[in-house]
Structures are given as C-alpha cells and as structure tokens.
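A short write-up of the structure that comes next.
Note that these values count all heavy atoms, side chains included, but never hydrogens, waters or copies made by symmetry. Lettering of chains follows the sequences in order, A, B, ..., and the numbering in each one begins at 1.
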2 protein chains.
Amino acid sequence: MHAEEAGAVAGPGAVAGAATTVSGGDDESGPGVGISGSATRQATIYDVAEAAGVSHQTVSRFLRGFEGIRPQTKQRVVEALERLNYRPNLAARSLTTGQSHRLGALTHEISQVGPSKILQGASAAAREAGYLLDIVTLDVSDRRSIDEALELVMQHDLAGVLALASTDEMTEAFEGTDFRVPAYIAAEQDDARGGHPSHLTTVGLPSLIEHLASLGHRKFIHIAGPFTYSAARNRARAYEAAIAQQGLHSEGIVYGDWTASSGYEELGRRLPHLGATAVVAANDQMALGAMLALSESGISVPDDVSVTGIDDIPEAAYFSPPLTTLRVDFAAQGRTAVQELLGLINRTEPLRGPALPSELVPRRSTGRMRGPQS
Amino acid sequence: MHAEEAGAVAGPGAVAGAATTVSGGDDESGPGVGISGSATRQATIYDVAEAAGVSHQTVSRFLRGFEGIRPQTKQRVVEALERLNYRPNLAARSLTTGQSHRLGALTHEISQVGPSKILQGASAAAREAGYLLDIVTLDVSDRRSIDEALELVMQHDLAGVLALASTDEMTEAFEGTDFRVPAYIAAEQDDARGGHPSHLTTVGLPSLIEHLASLGHRKFIHIAGPFTYSAARNRARAYEAAIAQQGLHSEGIVYGDWTASSGYEELGRRLPHLGATAVVAANDQMALGAMLALSESGISVPDDVSVTGIDDIPEAAYFSPPLTTLRVDFAAQGRTAVQELLGLINRTEPLRGPALPSELVPRRSTGRMRGPQS
DNA sequence: CAGGGCTATGTTTCCGGTAACATTTCCGGT
DNA sequence: ACCGGAAATGTTACCGGAAACATAGCCCTG
C-alpha cells in the first residue's frame with residue numbers, strides 16, 4: 001500500500017558480478033558455479049495421500065477447499081501436507097483445468113516511467129488475485145517482433161492477455177490478433193471516439209490551463225507527443241478544448257516524441273518567433289527539454305515563460321526550476337486494466353473504481369506573467 | 001538490436017478507457033464487454049496425428065526435431081500441422097519434461113531506470129533463448145511480501161529464477177531461500193569481497209574523477225546511495241580509491257537514498273560548510289537534487305561547483321545544466337544475468353561477454369574550477 | 001533368399017493434477 | 001436392529017504431451 005512512495009526507491013540496482021545460490025548443490029560443474037537442483041523430488045498429492053492414509057482425491061478436494069471432509073480426515077491431510085512440504089504443480093493443474101493463473105502483458109517499453117508504473121500496478125493487482133504477470137516487451141515498429149511475441153504468448157497457456165496499446169499500430173496489431181484467450185486491449189480511451197473522457201482530459205488539463213491563465217498567461221503553445229499515441233491525441237485535444245473554453249489563444253502545437261531531446265529541439269525551433277508565454281508539454285521529459293532550450297536562449301523560466309509538464313515523474317520536483325505538472329496515477333491504471341481483464345476471464349463484472357484523478361502540482365516553473373512579451 | 005535507442009521511446013502510455021477484443025465472441029455478458037473465447041478447441045498432437053495418418057508419437061518426434069523421419073512422412077505431418085494450426089500446449093509439455101521454458105525474475109522495483117533497463121535486457125535475452133520472463137516485484141522492506149512472492153514463484157514451475165538483489169536484505173532473503181530450481185542471484189559484485197571489480201569501479205569512476213581533477217578540482221564530496229546497496233558501497237569505495245590514488249582530497253561522504261529528494265536534502269545540509277568544489281553523486285537523480293540545492297543557494301554549476309552523476313538516465317542530458325555522468329549499460333547487465341542463469345539451467349558454461357564498460361559522458365555540469373573557493 | 005541389424009513408426013505408460021462416477025460410511029427414524 | 005439416503009471417501013479416466021519400449025519395414029550379406 002504505502003510501499004510505492006516509501007523510501008525503498010530503487011537505486012541503480014546494478015548487476016555485475018554474481019553470487020550463485022546453492023540449495024541442493026551436490027554437484028559441481030562449472031568453476032565456482034553451484035547448481036541448485038531439488039534435493040528430493042517434489043511431493044505430489046499421491047505422496048501426500050499415502051502419507052495421510054487417504055486417497056489422492058481427498059487431498060485434491062481439500063486443496064480446492066471442498067467442504068465435506070471430516071475434521072479428523074482433514075487433520076491428517078493437513079499434517080501430511082505440512083510434513084512433506086507439498087507444493088502444487090501448477091502445470092499439471094492447468095493441464096486439466098485449462099486455466100493457468102497467469103496473465104500475459106504486452107507492452108512496448110518498460111523503461112519509461114508511465115509504462116513501468118502501469119506494469120507495476122498491474123503486476124501487483126494480478127498477484128493479489130493469485131495470478132502471475134508475464135511481461136512481454138515488443139518492438140512496436142517491427143511487425144515481426146510483434147508476431148513473435150504474440151506467438152510466444154499464445155503458447156504459454158495464459159488465462160488472459162493484457163495488451164497495453166499505446167500507439168495506433170499496437171492497437172491495430174492487437175485488434176487483428178486472435179489471442180484465443182480473453183484479451184483486454186487497454187488503450188487510452190480515444191476521447192474523440194466516444195466514451196467517457198479521462199479525468200486528465202476533463203479536469204486535469206483544464207485546471208492546468210486555468211492555473212496558467214490565473215497567472216496572466218494568454219498565449220500558449222503545446223508540445224505534443226507523437227499523434228500515433230492516443231494519449232498524445234487526447235492531451236492535445238484537451239489542450240485545445242481548454243484553451244478555447246477559457247477564451248485563450250494557442251500559438252500552435254509542435255510535435256515531439258516524448259523525449260527530452262525532442263522537447264529541446266522542437267521548442268528550440270520555435271524560439272525565434274515564439275509568441276507564447278506559456279508552454280504546455282504533453283509530458284515532463286519534453287517540458288524538461290523545453291526549459292533547457294529556453295534557458296540557453298536567455299529566456300527565464302518562469303519569469304519570461306512558464307512551462308508545464310504532465311505525469312509528475314519523480315525527478316520533476318527537482319528540475320531547475322521545479323516543474324509544474326499534472327500528477328497521473330499510472331499504477332492505478334495498471335490495476336484497473338488487470339481488473340477488467342479478470343472480469344473478462346471470470347465472466348463477472350469487474351470492480352470498477354472511480355475515474356482516475358489527475359492532480360495539478362504547482363511548482364516554480366510557472367509564474368505570473370511579466371515583462372513586455374509581444 | 002537498434003530498437004533500444006530508436007525513436008520509439010515510450011510516452012506516458014496511459015491506460016484509461018478500454019477497448020475489448022472479440023475473437024470468438026458468441027456470448028454477451030457485461031454491458032459492452034465482449035468475451036473472446038477460443039472458437040474451436042485447440043488442436044493436439046493426436047488431432048494432428050490423425051489428420052496426417054500417423055501416430056501421435058511421430059508428430060511429437062517431428063516437433064522435437066528428431067531426424068529420422070522419412071521425408072514423405074514429414075511432409076504429411078507438416079501439412080497437418082499447418083492445416084490444423086497446431087500450437088503446442090506448453091503446460092502438458094512441461095508436465096512431462098519437468099522443464100518449463102519460463103524464468104522468474106525477482107526484483108524490487110521496475111519504475112527506476114536501472115532496474116527496468118536491466119529487466120528489459122533480461123527479458124530480451126530470455127526471449128531469444130525461447131524463454132518467457134516472469135517479473136515479480138516484491139517489497140524489499142516487507143519480509144512477508146518477499147515470502148509470498150517466493151511462494152508464488154516456486155509454484156509456477158519455472159526453469160530457473162533470476163534473483164535481482166540490489167540490497168543486502170534481498171541478497172540475504174534470496175540466499176536463505178530454497179528455490180528448488182536453478183537460481184542465479186545477481187547482485188552487484190561486492191568489490192570488497194574479492195572477485196573482479198566492475199568496469200565502473202575500475203575504469204569509469206577513476207576516469208570521472210580524473211576528468212574533474214583535470215579541470216582543477218581538488219576537493220570533493222560524494223553523495224552515496226544507501227549502504228545496504230552493494231552498488232552504493234562499490235561506488236563509494238571506488239570514489240575513495242580514485243580520490244586517494246590521484247592524490248586528491250575528499251571532504252566527506254553524505255548518504256542519500258537514490259532519490260533526487262535525498263540529493264537535495266543531504267547536499268543542502270552540507271552547504272553552509274561546503275569545502276568541496278566537486279560533487280560526485282552516486283546516481284543522476286541525486287546529482288539533480290544536489291544541483292537544485294546549489295542553485296537555490298546562489299552557487300553556480302559549474303562555475304562555482306561541478307556536479308557529476310552516474311547512470312546517464314535519458315533526462316540527464318537535459319538537466320540545467322546538462323549533467324556530466326557515467327553511462328552504464330544496464331540492459332547488458334540483464335542479458336548477462338540471464339545468460340548466467342541459462343548456463344546453470346543447462347549445465348553449460350554461459351557465454352560470458354566482456355566486462356561491461358562504463359563510459360564517461362562529459363557535459364556542462366562540470367567545468368574548470370575558478371574563483372576564490374576555500 | 002533367409003537372417004541380421006538398422007531405421008522408421010506404433011503402443012503403452014507416465015507426469016500430477018481434476019472430473020466423473022462408484023462405493024463405503026454414517027446417521028436418524030421406525 | 002434394519003434401512004434409506006446423504007455424506008464422506010475411493011476408483012477410474014482424462015488432459016496433452018514425452019519417454020520407454022515394441023514392432024514393422026528395409027537393405028545388405030552370405
């Protein structure tokens with residue numbers, strides 16, 4: 001619960017040398033390398049049954065939580081289970097039941113804050129439900145890589161697949177795929193195509209714009225993400241809507257690729273004829289790049305121009321200046337997606353939480369407009 | 001291969017609304033929710049055998065790449081395979097062979113750049129070898145969470161476990177665990193405990209210090225990570241060794257927790273009596289925090305004080321000023337770890353690449369010393 | 001042209017669970 | 001004490017592959 005924000009933040013976690021565990025190591029093969037094999041064969045329900053003096057079926061029943069077992073019998077089974085340190089063999093179970101208690105997650109990136117947080121939330125939600133999440137990354141731009149990944153996923157009999165589609169290509173690829181198992185294609189709802197716009201769109205971005213407007217800004221520019229990302233489209237659309245609604249003026253939209261580099265380049269290109277006093281970037285990284293471009297041109301943030309991001313990555317609070325941004329709860333998105341998927345699998349209504357709130361986090365990269373800007 | 005650095009960098013990848021795939025949807029349950037079930041039962045080798053007019057064993061043999069099959073027979077099998085769109089049931093296979101072609105990866109965080117890149121590399125390497133990587137995150141500080149995760153992992157019969165231990169607690173927990181399968185505990189080699197120090201320690205950090213020394217710096221301070229992290233210890237030790245070796249002077253070490261916040265706080269605390277002109281942070285985030293603390297105190301980076309990080313996270317190049325740092329190849333670390341694990345599993349010598357190079361990336365946060373610093 | 005040794009293919013069994021069906025045990029009522 | 005029926009437990013079959021073992025077909029040799 002509280003672990004996410006706790007002090008246990010990862011460091012570089014570098015992996016270089018290695019120790020090797022030995023847990024039944026009776027065998028030497030490589031130099032200095034221990035092999036950990038199971039010392040004794042894993043106990044099966046048959047072993048347990050014999051030890052308890054009952055039939056294997058009784059054990060099976062107990063394991064599945066069947067009620068009608070005499071306390072005395074149950075007692076014996078429990079003891080045998082304990083004594084033999086029984087662990088179910090999920091492969092065998094899934095072979096008969098056809099259910100596997102594992103979910104596949106397809107995503108294109110796990111190094112970025114957004115996707116990785118989503119996965120973290122998804123993974124946690126899955127585990128709470130007794131599932132394991134197999135994360136498969138694929139190269140969006142390479143159709144073959146996508147197919148390979150899908151192939152892989154379909155073989156490892158999964159209870160369901162969570163297809164995290166960020167781009168149109170991915171959505172398309174996923175939608176054209178027969179996963180043969182329940183599949184939930186989680187894409188940011190394309191606000192233009194009906195459905196409920198996200199909280200970010202309806203509340204978050206408008207409040208961000210409002211914040212800037214209240215500081216005196218009237219002329220804006222937006223640094224969008226690639227438009228193949230529905231998230232980028234939504235944000236851009238929400239930006240325009242908010243601008244229009246509040247009677248402000250947009251000096252235009254430039255397109256980056258989510259990276260700080262693109263924010264730097266694209267905004268830099270616009271600098272000579274920059275009429276705006278507020279830069280609204282579609283994510284924090286591009287905002288960072290934009291701020292550098294501005295400061296290198298002798299334009300002060302926030303004295304001359306205000307800059308905002310979206311996401312609130314952990315570093316954003318320590319940019320120079322600290323970045324005003326919208327906090328997005330990615331982990332919750334991951335959880336939600338998993339719950340939807342589990343709903344599909346169990347054919348029950350998933351428990352749907354409230355729309356995910358996005359919250360304005362004002363910091364020092366936005367300030368009252370001043371000076372004789374055009 | 002080239003995908004890692006390609007333009008396909010993840011954006012926020014937000015997941016909010018959802019589309020649902022329907023691939024055999026003959027059934028309606030929830031409102032607007034399609035269920036994708038397999039239309040027809042998956043073909044088995046028995047089906048294929050019948051279709052090809054051979055025994056199931058022949059099919060099985062073919063699938064495993066057995067040589068002695070007459071071309072004509074093989075032909076028939078191939079056709080039947082094709083026609084029935086056969087996909088092996090890995091659960092059944094692993095039940096008999098006891099091998100599962102899935103690896104478990106235990107880690108404590110996937111949102112940070114380091115760990116996530118490591119996982120990405122590991123995942124890719126695993127997939128190339130025909131394995132799927134199950135990523136299980138656990139809360140390091142919670143012993144019960146660790147146990148639960150281990151329990152989960154041990155049930156889902158895995159071919160091996162990659163235990164990514166960054167902290168001593170984790171190393172300890174992992175070493176005290178009987179995974180029953182080959183397990184490779186990947187911790188950054190503790191340089192103090194023998195073994196080959198990493199490239200970062202032997203070449204990277206010394207060259208970083210040298211870079212600073214060449215700019216005239218003589219007095220240093222180090223912002224270390226938590227000392228329960230072997231990576232933090234190694235970096236601190238390497239820092240001290242390099243300082244000593246080059247006849248420089250360390251004004252001390254302060255301890256952060258890898259976050260920008262800690263860099264800000266800890267360096268801020270030292271500011272009043274800061275004798276150093278160069279700050280060497282153990283990662284880029286802490287360097288970022290430190291730079292903010294400095295600039296808020298009117299100390300210019302790099303004019304008054306130089307700051308360096310380690311890792312070279314993507315944003316580092318766009319900090320204000322852009323951060324001089326050491327680039328670390330995390331993905332390669334993940335690959336290596338997987339290869340070691342596969343070596344254990346197959347009882348063969350893993351193919352070991354060269355030590356992972358770390359490279360100095362000089363940027364504008366370091367500069368020639370000047371002014372009347374004490 | 002029969003017999004020996006391969007080679008190609010088929011049959012049976014097993015892996016560790018679950019499901020369906022069969023049987024025994026227990027219990028209350030008369 | 002006996003009986004019926006539900007409750008508790010046991011038996012058998014099956015999931016989809018792979019391994020062990022069995023057998024049929026082939027070529028070559030003497």
*Report the distance from atom CD of E50(A) to atom P of dG10(D), rounded to the nearest whole Å.*
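Those two atoms, CD and P, are 13 Å apart.
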_d(NZ, K74(A); C1', dA8(D)) in whole Å_ =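 Rounding to the nearest Å, NZ of K74(A) and C1' of dA8(D) are 12 Å apart.
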*Listed by chain and number, what are the ring-ring contact (aromatic ring centres under 6.0 Å, His included) partners of F66(A), not counting sequence neighbours?*
none
Can you tell me how far the [atom1] atom of [X] sits from the [atom2] atom of [Y], to the nearest 0.5 Å?
{"X": "T107(B)", "Y": "L138(B)", "atom1": "OG1", "atom2": "CG", "value": "7.5 Å"}
{"X": "I345(A)", "Y": "S100(A)", "atom1": "CD1", "atom2": "OG", "value": "8.0 Å"}
{"X": "E128(A)", "Y": "Q339(A)", "atom1": "CD", "atom2": "CD", "value": "8.5 Å"}
{"X": "K117(A)", "Y": "S116(B)", "atom1": "NZ", "atom2": "OG", "value": "11.0 Å"}
{"X": "H56(A)", "Y": "I45(A)", "atom1": "NE2", "atom2": "CD1", "value": "5.5 Å"}
{"X": "I135(B)", "Y": "L132(A)", "atom1": "CD1", "atom2": "CG", "value": "10.0 Å"}

*Criterion side-chain hydrogen bond (donor to acceptor under 3.5 Å, both in side chains) against E79(A), the qualifying member of Q75(A), R83(A), R76(A)*: Q75(A)
*Kindly check if the number of other-residue, nucleotide or ligand heavy atoms within 6.0 Å of CD (E50(A)) is above 12?*
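Result for CD/E50(A): open.
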*Compare every heavy atom of Y86(A) with every heavy atom of A43(A), then report the nearest pair and how far apart it is.*
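Heavy-atom minimum between the residues: O-CD1, 3.3 Å.
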*Work out which heavy atom in L133(A) is nearest to a heavy atom in L119(A); give both atom names and the distance.*
CD2-O, 4.2 Å
_Which residues in residues 51-65 of chain B have a heavy atom closer than 4.0 Å to any atom of DNA chain C?_
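Only V54(B), S55(B), H56(B), Q57(B), T58(B), R61(B) qualify.
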*Does anything in residues 82-95 of chain A reach DNA chain C, meaning a heavy atom under 4.0 Å, and if so which residues?*
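Only Y86(A), R87(A), P88(A), N89(A), A92(A), R93(A), L95(A) qualify.
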*Fill in the dot-bracket string of DNA chain C, one character per base: . for unpaired, | for a pair to another strand, ( ) or [ ] for pairs within the strand, taking Watson-Crick or G-U pairs under 3.5 Å.*
||||||||||||||||||||||||||||||
*Only one of L342(B), L344(B), L103(B) forms a side chain to side chain contact (heavy atoms under 4.5 Å, CB included) with P182(B), so which one is it?*
L344(B)
*List for me each residue that meets salt bridge (charged side-chain N to carboxylate O under 4.0 Å, His left out) alongside R87(B), sequence neighbours excluded, and say none if there are none.*
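Residues passing salt bridge (charged side-chain N to carboxylate O under 4.0 Å, His left out) with R87(B): E151(A).
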List every contact pair, protein side and nucleotides 6-8 of chain C side both N or O, where the distance is under 3.5 Å.
residue, atom, partner, partner atom, Å
dA8(C), O3', R70(B), NE, 3.2
dA8(C), O3', R70(B), NH2, 3.1

